[in-house]
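Counting convention: from 1, in listed order, for ligands and their atoms alike.
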Amino acid sequence: MLTLRSKALDTVQNRKTVTVTPPSTRVSEYFNSNVFTDSAMMEFLPKEAYKAVSAAIKNGEKIDRAIADQVAAGMKNWAISKGVSHYTHWFQPLTGATAEKHDSFFEPTEDGRAIEKFAGGALVQQEPDASSFPNGGIRNTFEARGYTAWDPSSPAFIMEGSNGKTLCIPTIFVSYTGEALDYKAPLLKALHAVEKAVVNVCNSYFDKNVNKSWVSLGIEQEYFLVDEAMCVARPDLMLTGRTLIGLSPEKGQQLEDHYFGSIPPRVYDFMIDFETECYKLGIPLKTRHNEVAPSQYECAPNFEEVNLAIDHNQLLMDVMEKVALRHKFKVLLHEKPFAGINGSGKHNNWSLITSTGTNLLAPTANPESNIQFLSFFVNVIKAVHDHADLLRASIASAGNEHRLGANEAPPAIMSIFIGSQMTEVLESLLNNKTSNNKSKAASINVKKIPEILLDNTDRNRTSPFAFTGNKFEFRAVGSSANCANAMIVLNTIMADQLNKFKAETDALIKKGKKKDDAILEILKGYYKASKKILFEGNGYSDEWVKEAAKRGLNNIKNTPEALNAYISAASKNLFVKNEIFNEVELNARYEIMQELYVKKIDIEAKLLAQLATSHVIPAGIAYQRNLAENVKAMKDAGLSKADTEVQVNLIKVLAQHINTISTNVSKLQSELEKAHHQANTHKSAMAFSSKVKPLFEPIRKSSDALEFLVDDELWKLPKYREMLFVK
Ligand code: ADP
Ligand code: MG
């Protein structure tokens with residue numbers, strides 16, 4: 001019988017590239033063509049409505065119902081002019097994926113005809129059933145309703161299918177009682193908090209002209225591409241996004257021939273296609289290249305305002321998966337699809353920018369503005385130092401656990417890389433007697449940070465959080481994550497830190513200190529207090545693990561434990577004080593994340609048991625039978641015991657592996673059962689992490705040993721080398 005594997009191999013051989021014709025060779029001619037942009041609004045909205053929406057976008061002002069009706073009508077006309085028939089609120093529930101529920105514009109009229117209708121109410125609010133989404137116990141059964149509410153700061157867009165188009169309206173998603181059930185609502189709050197704090201600090205000490213600030217984010221997305229036929233033949237890839245078993249190929253990434261290498265033609269066509277779709281949606285994709293592992297790629301857009309950047313990244317992942325279908329690829333966004341070669345991350349390049357156009361994390365040649373830079377720079381370090389565990393929690397997931405806890409970067413230990421030049425600057429700050437100072441020379445020394453600081457070559461690829469010249473790069477975020485988790489935490493801790501900085505500096509000024517001296521004294525204290533989080537060496541090394549332990553830095557490898565940082569007294573205080581989450585929301589979120597971990601490992605465990613039982617063991621047994629028959633035939637032919645020794649030993653080795661697999665599958669099943677019956681979700685998650693998951697390893701090890709030993713003809717699952725080298 002033809003196996004799925006052999007069919008897949010055959011199919012892949014005969015794949016044709018898919019011709020793609022972008023609307024124009026100039027992206028500028030169709031960029032944003034599916035977005036309700038400012039210019040589309042100007043064209044389709046009455047003046048009054050346009051003004052109201054602009055104010056809502058710029059200043060977060062409320063839009064009243066009459067105006068909403070006008071906006072909805074304009075949006076509908078624009079969408080219909082583009083061939084759209086349906087609309088949906090587009091939101092980001094805590095499942096990690098985006099959600100949509102389409103409604104038609106069409107409405108029957110009494111005279112038996114129909115009209116296209118879209119009222120302000122439908123634009124502003126919808127009521128999906130919240131009970132079908134993770135809610136962490138917030139919802140009680142008699143009040144299952146939740147509602148989605150329009151976020152005017154992220155523009156509406158059109159999602160194109162091959163047979164129809166839908167108008168998508170980005171929204172927040174909250175329970176009927178007002179608690180956030182999504183990523184966007186708390187993100188907007190965190191952004192509001194940090195923007196306010198930034199303006200406050202700038203106005204007080206550095207620049208009265210700053211009346212607004214915004215947070216920038218550039219998200220680099222790594223992913224794998226595997227042929228669809230191969231995926232179909234690998235139930236683990238289909239169901240969990242990663243291979244639960246599979247022998248590392250003889251050739252992996254050791255030759256370093258894939259990184260920045262020439263892009264395979266089929267992949268190239270896919271990239272053009274998916275980039276075209278992204279451009280129509282206003283996603284400013286800028287770079288594409290091969291990544292380190294075979295079949296691994298990366299794309300990165302220009303940075304944008306955080307809320308928009310995250311919407312765009314969520315949309316990008318969705319578009320990528322859809323476009324891949326046309327090219328008979330499956331996109332793997334999992335953090336670790338294959339053992340033995342690199343996993344995937346999503347670097348978050350983050351900075352703070354003022355309404356006057358200053359990047360607050362970019363040093364300049366001007367000594368006066370450099371004290372401003374230095375203030376924000378050191379405050380980032382202090383914030384990360386004080387809340388390292390919370391940042392660690394913000395990137396904790398079942399998938400990312402494979403990168404963070406394992407010997408692959410970035411490590412689970414939070415540290416910051418700032419480069420040798422910034423280290424020098426901070427050291428000179430520390431060694432200056434700026435505190436009780438009249439010594440001018442000293443403070444001038446610090447304030448003169450020369451332009452050469454913008455040396456971008458000072459790079460450390462092993463750091464989870466690195467300064468890269470004019471921004472910080474949070475590298476530990478997982479490739480499948482919604483970056484909002486990381487950005488909610490980072491921006492909240494920054495807001496909180498800046499508020500503290502302001503209060504402490506003001507206190508010194510009140511005591512009679514000069515402004516600059518007060519600032520430098522506070523910064524000096526911050527640097528001293530947070531120095532232990534700074535690390536310039538190799539983050540992947542064992543020495544760092546030891547050194548970090550000596551410094552008292554945490555190294556929390558498992559997800560359920562890492563997540564505890566969300567509900568510590570300090571975190572609760574932080575989030576409540578800054579009005580990001582109330583305690584109910586925080587507890588619910590924690591519960592949801594623990595639950596998600598349980599579900600993911602549960603699926604993996606069950607599937608692994610299934611694969612081991614119905615694929616791996618039968619292949620081992622079949623090969624044993626062949627060998628046994630062969631031994632018997634050899635004996636019948638008069639060969640001696642010595643002659644059959646190799647075959648007999650092989651049968652024994654196979655038996656040992658089959659035994660190991662079988663025993664551990666039984667253990668796995670009983671541990672699964674126990675893990676499900678714990679007192680609470682956290683305890684369940686801990687049991688999944690410490691009792692269930694460790695059993696994956698012996699099963700995998702013996703399975704991979706069998707893959708190595710068993711006759712290739714008998715192995716039904718596609719092998720790594722067959723999946724990983726797309727032409
Ligand atoms: P790499 O890290 O691969 O060397 P770069 O650092 O040049 O690449 O750029 C990565 C991302 O950083 C891009 O998305 C880019 O737009 C973004 N980026 C550049 N400057 C900023 C900034 N000031 N704030 C946020 N993101 C930025
Ligand atoms: Mg980068």
Side-chain angles (χ1 to χ4, degrees), residues 27 31 187 190-191 194-195 198 202 210 212-223 258-261 263 271 275 278-279 282-293 296-317 320 342-364 369 372-373 376-377 379-380 384 409-410 416-419 422 451 453-477 479 481 483-484 486-487 490-491 494 539:
V27 174
F31 186 69
L187 176 72
L191 293 174
V194 78
E195 285 164 11
V198 166
C202 284
V210 172
K212 249 188 89 59
S213 78
W214 60 283
V215 188
S216 60
L217 178 64
I219 303 173
E220 302 166 54
Q221 178 74 52
E222 292 181 333
Y223 60 97
H258 187 66
Y259 190 56
F260 282 9
I263 299 171
M271 286 175 170
E275 284 166 8
C278 284
Y279 292 140
I283 302 171
L285 279 180
K286 194 71 179 153
T287 54
R288 57 164 106 105
H289 60 81
N290 289 2
E291 253 305 320
V292 172
Q296 191 186 27
Y297 305 92
E298 180 183 302
C299 63
N302 266 351
F303 66 88
E304 301 177 277
E305 186 279 322
V306 172
N307 181 35
L308 193 58
I310 291 178
D311 280 359
H312 278 167
N313 180 252
Q314 289 296 116
L315 199 50
L316 176 138
M317 292 193 284
M320 209 180 225
N342 275 12
S344 301
K346 182 139 75 183
H347 296 181
N348 278 213
N349 296 270
W350 169 88
S351 191
L352 303 166
I353 297 174
T354 66
S355 53
T356 52
T358 306
N359 176 352
L360 293 166
L361 292 172
T364 66
S369 54
Q372 172 181 300
F373 156 71
F376 285 95
F377 183 78
N379 272 291
V380 175
V384 173
I416 310 177
F417 169 88
I418 58 169
M422 279 317 297
E451 209 167 14
L453 274 175
L454 287 168
D455 177 10
N456 271 322
T457 55
D458 197 358
R459 282 292 183 103
N460 178 326
R461 298 248 160 225
T462 66
S463 174
F465 200 93
F467 180 61
T468 46
N470 60 355
K471 62 192 187 289
F472 277 92
E473 197 168 326
F474 191 12
R475 300 211 184 101
V477 184
S479 50
C483 298
M487 284 299 120
L490 183 57
N491 290 296
M494 193 59 193

If the condition is side-chain hydrogen bond (donor to acceptor under 3.5 Å, both in side chains), which residues does Asn313 pass it with, not counting sequence neighbours?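 side-chain hydrogen bond (donor to acceptor under 3.5 Å, both in side chains) check on Asn313 returns Gln221, Lys346.
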Sequence neighbours left out, what passes side-chain hydrogen bond (donor to acceptor under 3.5 Å, both in side chains) with Ser216? Give chain and number order.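 Ser216 satisfies side-chain hydrogen bond (donor to acceptor under 3.5 Å, both in side chains) with no residue once adjacent residues are dropped.
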Neighbour count >12 (heavy atoms, 6.0 Å) for atom NZ, Lys286: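 No, not enclosed.
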Could you tell me whether [X] approaches ligand 1 through its side chain, its backbone, both or neither, with non-hydrogen atoms closer than 4.0 Å?
X: Glu220; answer: side chain
X: Lys286; answer: neither
X: Asn359; answer: side chain

Report yes if some N/O of [X] lies less than 3.5 Å from some N/O of ligand 1; otherwise report no.
X: Asn302; result: no
X: His347; result: no
X: Phe303; result: yes
X: Pro301; result: yes

Considering only heavy atoms, which of Glu473, Glu298, Lys471 lies nearest to atom 9 (O) of ligand 1?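 Minimum heavy-atom distance to atom 9 (O) of ligand 1 goes to Lys471.
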Gly539 backbone acceptor or donor facing Thr462 side chain under 3.5 Å: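 Checked: pair present.
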Looking at Ala486, is its backbone amide N or carbonyl O close enough to the side chain of Asn348 to form a donor-acceptor pair, meaning the two atoms are under 3.5 Å apart?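 No, Asn348 side chain to Ala486 backbone: no donor-acceptor pair under 3.5 Å.
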Whether Phe465 and Trp350 hold their rings parallel, tilted or perpendicular, with breakpoints at 30° and 60°: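 Geometry flag for Trp350 against Phe465: tilted rings.
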